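Basis for what follows: all heavy atoms, side chains included, without hydrogens, waters or symmetry-related copies. Everything quoted here is computed from the prediction, not taken from an experiment. Below, chain A is the first sequence line, B the second, and so on; all start at residue 1.
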Number of protein chains: 2
Amino acid sequence: MNYYTISQLAEQFDISTRTIRYYEERGLISPIRTESGQRLYTKKDRAVLKLILRGKRFGFSLEEIHEMISLFDNDRTGRKQLEKTIAYGEQKLKEVTERIEDLMQLKQEMEAILADFRERLQKLEGIE
Amino acid sequence: MNYYTISQLAEQFDISTRTIRYYEERGLISPIRTESGQRLYTKKDRAVLKLILRGKRFGFSLEEIHEMISLFDNDRTGRKQLEKTIAYGEQKLKEVTERIEDLMQLKQEMEAILADFRERLQKLEGIE
DNA sequence: ATTTTAGTTTACGTTTACGTAAAAGTCAAC
DNA sequence: GTTGACTTTTACGTAAACGTAAACTAAAAT
């Protein structure tokens with residue numbers, strides 16, 4: 001398998017190495033270590049990092065993202081665990097759906113405002 | 001016309017009065033004052049506050065929201081101003097559109113994961 | 001009229017999400 | 001094999017977005 005170093009990931013996502021280590025501090029990502037202690041990141045780690053950054057763009061806190069990441073943890077085999085995970089996932093899915101609707105409304109409003117401004121500009125150019 | 005007090009707005013949006021005053025400190029909202037100095041908020045102020053909170057849910061900083069609010073400022077009458085505003089608005093609209101697409105992808109992924117978990121639960125219940 | 005309740009300013013405190021610097025070890029290149 | 005780039009931990013610093021407390025004034029309620 002192929003690994004990434006911390007600075008490689010940092011460059012790929014245009015973030016600092018400190019940021020990546022901070023996410024590890026908070027328990028969001030867990031790279032393996034070489035014998036000398038250097039961090040090595042798998043493709044899966046990279047995917048998790050991508051997920052974190054996407055969550056951030058949506059205004060989720062690292063704490064919330066941490067919970068969402070646990071959805072991808074395949075180590076939830078018990079029935080109770082599964083049910084809990086599904087319930088949590090449905091909740092988050094609902095939140096995401098609401099945000100999408102909210103954003104689409106915002107988009108429409110912005111489009112209306114823009115149309116209005118364009119019209120005003122037209123009129124100004126007619127005069128001049 | 002009808003006015004809201006600061007605590008009324010705070011209750012309506014489930015935020016603290018401190019938060020509302022903070023938004024004023026940052027220049028995001030500008031209520032009028034009574035003779036004795038108490039803040040009074042119009043419907044328009046309320047709408048602005050709503051906008052701020054929505055922006056926050058999407059992960060925009062107060063600084064960004066401040067800029068977006070200026071879009072609603074009707075005092076941009078000059079042609080250069082109009083053009084600048086339109087350009088900025090188009091930029092923000094693009095960002096919003098990208099976020100929507102991003103969120104929809106997240107939604108699909110979450111749905112796939114949930115389907116997988118539901119399937120596993122089914123199998124568990126089949127055994128038991 | 002006098003308690004509550006609500007509002008004001010000022011100012012220091014706190015949490016989140018990192019930035020930055022220091023001191024030391026390690027890897028890659030020449 | 002030594003220079004230079006990279007990595008590690010530890011630790012203090014910081015900006016944003018408020019929380020909280022004090023000291024005071026105004027409004028509402030009894």
Taken to the nearest whole Å, CD/A:Glu64 to P/C:dA17 is 9 Å
Going by atom types only, do A:Arg18 and A:Tyr22 share a side-chain donor-acceptor pair under 3.5 Å? no
B:Glu25 and B:Arg21 ion-paired at < 4.0 Å: no
Test salt bridge (Lys or Arg N to Asp or Glu O under 4.0 Å) applied to A:Arg54 and B:Glu109, step by step: CA-CA 13 Å; A:Arg54 186 162 56 184; B:Glu109 283 170 22; 2.9 Å; yes
Whole Å only: how far is the CG atom of A:Leu62 from the P atom of D:dA16? 18 Å
Grab the CG-P distance between B:Leu28 and D:dA16 for me, whole Å please. 13 Å
Rounded distance in Å - CD (B:Glu35) to C1' (C:dT8): 16 Å
Between A:Glu24 and A:Arg39, is the closest basic N to carboxylate O distance under 4.0 Å? yes
Quickly work out the B:Glu25 CD to C:dT9 C1' distance and round it to whole Å. 10 Å
Tell me whether the count of non-hydrogen atoms from other residues, nucleotides or ligands lying under 6.0 Å of CD in B:Glu11 goes above 12. no
Side-chain N or O of B:Arg39 less than 4.0 angstrom from OP1 or OP2 on C:dG7? no
Is any side-chain N or O of B:Arg33 closer than 4.0 Å to OP1 or OP2 of D:dA26? no
Show the nearest heavy-atom pair for residues B:Ala10 and B:Ser16, with the distance to one decimal. CB-C, 4.1 Å
Does A:Ser61 reach a base, just sugar-phosphate, or nothing at all? Heavy atoms under 4.0 Å. sugar-phosphate
Under 3.5 Å, is there a donor-acceptor pair between the B:Gln12 and B:Gln8 side chains? no
Report the distance from atom CZ of A:Phe60 to atom P of C:dA17, rounded to the nearest whole Å. 13 Å
To the nearest 0.5 Å, atom CG of A:Leu49 lies from atom OH of A:Tyr23 at 7.5 Å
It should be established whether B:Lys56 places a side-chain nitrogen or oxygen under 4.0 Å from OP1 or OP2 of nucleotide D:dC18. yes
Output the single nucleotide from D:dT7, D:dA17, D:dA26 whose closest atom is nearest the side chain of B:Ser36. D:dA26
Heavy atoms within less than 4.0 Å of DNA chain C: which residues of residues 8-24 of chain B have one? Give them sorted by number. B:Arg18, B:Arg21
B:Arg26 or A:Gly37: which one's nearest nucleotide on DNA chain D is closer to the 5' end? A:Gly37
Rounded to whole angstroms, how far apart are CG on A:Leu49 and C1' on C:dC18? 14 Å
Would the distance check show the side chain of A:Asp45 and the main-chain N or O of A:Thr42 forming a donor-acceptor pair, the cut-off being under 3.5 Å? yes
Carboxylate-amine/guanidinium contact A:Arg118 B:Glu90, below 4.0 Å: yes
Can you tell me if B:Thr5 touches the phosphate of C:dA6, counting only side-chain N or O atoms and a distance under 4.0 Å to OP1 or OP2? no
Extract from the structure each pairing of a protein N or O with an N or O of nucleotides 28-30 of chain D at less than 3.5 Å, listing the distance.
none

What is the separation between atom CD on A:Gln38 and atom C1' on D:dT9, rounded to the nearest whole Å? 13 Å
